[in-house]
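The analysis underlying the following values was restricted to heavy atoms, covering all of them including side chains, and did not include hydrogens, waters or symmetry mates.
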Amino acid sequence: MIISWNTTNKCNMYCKHCYRDSGREAEKELNTEEAKALMDEIVKAGFKIMIFSGGEPLMREDIYELIKYASEIGLRPVLGTNGTLITLEVAERLKNSEVRRVGISLDSLNPKRHDDFRNYDGGWNKAVEGMKNCRKVDLSFQIHTTVMNWNKNEISDITDFAVNMGAAAHHIFFLVPAGRGIYIKDEGLNREDYEGVLKDIMIKQKEVSIELKPTCAPQFTRIALQNNIKTRFKKGCLAGTFYCIIDPEGNVRPCAYLDSSIGNVRETPFGEIWRNSSLLNKLRTSNYRGKCGACNYKKTCGGCRARAAFYNNGDPMSEDYWCLCSGNKRETFNNG
């Protein structure tokens, strides 16, 4: 099971799609001791992977201490960062803190496109330098790309770039309207392009040795099954079943894009929230409405619950309108 903790709302960027609307530090962010107590509860609840994200987690002074603690109590700590702060010294400190992998954002092979999207001049060069510094200290890293209508034709090339850089994986994120992302939803993919890009990614997986993982696009599991493409991922949407997220002030949500707080870890132990939340238990039933409820792939795909909620008046159990699947397991696509 995977948990993501937004360690801080502070960020040196102002990305157009940020679901957290990051920038300034939040008013009452969890302190070091509260964070360690939270991680103890996370272990008790059975979670294995701890994602330290933000904001920009490297702007948190105690981040190395917290990563080290996570490793010591049996979690697999990984870091999600924009990469611009990973100097050689920072890469060494991350390595020594026993972080298992670093995810670095790169949204285009065109530096200006990337920098414009993230409102940060020189961001592309610093992110790539961060990758090189990870490689120098033998620290595993992967590339994260958010797909938009203006970079959809670059995804395969970014995968090749990831291979050449020595990345362990390329994770491709699909826009869900949340936070600042609401204001650029028209720059996201339409339904047909969404399906097409997913198919292209799964075809590409057959050509490269590194792991490709579409994120917030659970339909990739259906495409893989339909076409006998091997992937270690057996479930599409994990929200509330094998995944949840905690914000800088301790509020728990089913996923980053479902804006429904189900409790605060300062008031209720995390394990109790995870076990007893009515919303999480509803998500675990898979009793979806519309075509998702009737689909043969609902147990493996599940549809994007956050996207379903956004387009259906906040109801996360509704159908994922963005999916083109009819629910027929015999559907295939021509992979050439």
Going by atom type alone, with no hydrogens or angles, which donor-acceptor pairs under 3.5 Å involve a side-chain atom of residues 129-136 and a protein atom two or more places apart or on another chain?
from : atom 1 : to   : atom 2 : distance (Å)
N133 : ND2    : I86  : O      : 2.8
N133 : ND2    : E129 : O      : 3.3
R135 : NH1    : M165 : O      : 2.9

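- Contact check for R100 versus R76: side-chain heavy atoms found under the 4.5 Å cut-off.
- Take Y321 and apply the ring pair (Phe, Tyr, Trp, His ring centres under 6.0 Å) test, not counting sequence neighbours, and it matches no residue.
- Qualifying ring pair (Phe, Tyr, Trp, His ring centres under 6.0 Å) partners for Y19, counting only residues two or more places apart in sequence or in other chains: Y257.
- The backbone N or O of G55 sits less than 3.5 Å from a side-chain atom of S22, completing a donor-acceptor pair.
- Listed by first then second residue, pairs satisfying side-chain hydrogen bond (donor to acceptor under 3.5 Å, both in side chains) with a partner in residues 230-243 read E211-R232, not counting sequence neighbours.
- In this view, A37 satisfies the side-chain contact (heavy atoms from CB on, under 4.5 Å) rule with no residue, not counting sequence neighbours.
- Remark: N190 pairs with E192, D193 by the side-chain contact (heavy atoms from CB on, under 4.5 Å) rule, at least two apart or across chains.
- Remark: Y183 engages no residue in a ring pair (Phe, Tyr, Trp, His ring centres under 6.0 Å) (not counting sequence neighbours).
- Under the ring pair (Phe, Tyr, Trp, His ring centres under 6.0 Å) criterion, H144 pairs with H171, F173, not counting sequence neighbours.
- Applying the salt bridge (Lys or Arg N to Asp or Glu O under 4.0 Å) rule to pairs touching residues 258-285 yields E34-R266, R253-D259, sequence neighbours excluded.
- Remark: A309 engages L258, P316 in a side-chain contact (heavy atoms from CB on, under 4.5 Å) (not counting sequence neighbours).
- Screening residues 28-47 for ring pair (Phe, Tyr, Trp, His ring centres under 6.0 Å) gives F47-F270, F47-W274 as the qualifying pairs, with residues at least two apart or on separate chains.
- Remark: S277 pairs with I262, L279, L280 by the side-chain contact (heavy atoms from CB on, under 4.5 Å) rule, at least two apart or across chains.
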